[in-house]
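All residue numbers in this chain count up from 1 along the given sequence. These numbers come from a predicted model, not from an experiment.
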Amino acid sequence: MIRSELVQLLVQDNPGLSIREVEKIVSVFFDEITDRLSEDGRVELRGFGAFSTRARDARTGRNPRTGETVDVDAKRVPYFKPGKEMRGRLNVD
């Protein structure tokens, strides 16, 4: 699902809201998650999962096109851990 599909589903489920209002709500939601993660914080949505960041050390990588080595800087990357309820719904037999 892409962002525009999410907006359309929310508009259908909430006929009292305009497309612009729903787009603003979705933008604020994602911006707040991003802002919290950029501050090295954590966002937990009960029943869904938790977003956090993990540190990656600097390393020597390889350019797949040329094969030459390149230095890759240390960085933080987003990480998502699904909640118990989500794992249960995904693994229904």
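- Side-chain N or O atoms of S38 include one that pairs as donor or acceptor with a backbone N or O of D35 at under 3.5 Å.
- No continuous path of ILVMFWY side-chain contacts below 4.5 Å connects V77 to V43, so the two sit in separate hydrophobic clusters.
- In this structure, the side chains of I25 and L10 stay at 4.5 Å or more apart for every pair of heavy atoms.
- Note that the OH atom of Y79 and the CG atom of L37 stand 13.5 Å from one another [nearest 0.5 Å].
- A donor-acceptor pair under 3.5 Å is absent between the side-chain atoms of E39 and the main chain of R36, judged by distance alone.
- Side chains of E5 and L9 form no contact here, defined as non-hydrogen atoms less than 4.5 Å apart.
- Nearest heavy atom pair, residue V26 against residue L6, reads CG1-CD2, 4.3 Å.
- In this structure, the separation between CZ on R54 and NZ on K81 is 8.5 Å, given to the nearest 0.5 Å.
- Looking at every heavy atom in both residues, P15 comes nearest to Q12 through CD-O, 4.0 Å.
- A heavy-atom distance below 4.5 Å is found between the side chains of I19 and Q8.
- Open room surrounds CZ on R56; 12 or fewer heavy atoms of other groups in view lie less than 6.0 Å from it.
- T60 has its side chain out of reach of V72: every pair of non-hydrogen atoms, C-beta onward, lies at least 4.5 Å apart.
- Scanning both residues, M86 and P82, for their nearest heavy atoms gives SD-CB, 3.7 Å.
- The salt bridge (Lys or Arg N to Asp or Glu O under 4.0 Å) test applied to R76 returns D40, not counting sequence neighbours.
- Not one N or O on the side chain of N14 forms a donor-acceptor pair closer than 3.5 Å with the backbone of G16.
- Listed by chain and residue number, nothing satisfies the ring-ring contact (aromatic ring centres under 6.0 Å, His included) test with F29 (two or more places apart in sequence, or in another chain).
- The two residues N63 and R65 come nearest to each other via the heavy atoms OD1-N, 2.9 Å.
- Note: the hydrophobic cluster containing I2 does not contain F30 (ILVMFWY, side chain heavy atoms under 4.5 Å, direct or indirect links).
- Cluster membership check: V28 does not share its hydrophobic cluster with L17, using side-chain heavy-atom separations under 4.5 Å among Ile, Leu, Val, Met, Phe, Trp and Tyr.
- Minimum interatomic distance between G47 and E85 (heavy atoms only, all atoms of both residues): O-CB, 3.5 Å.
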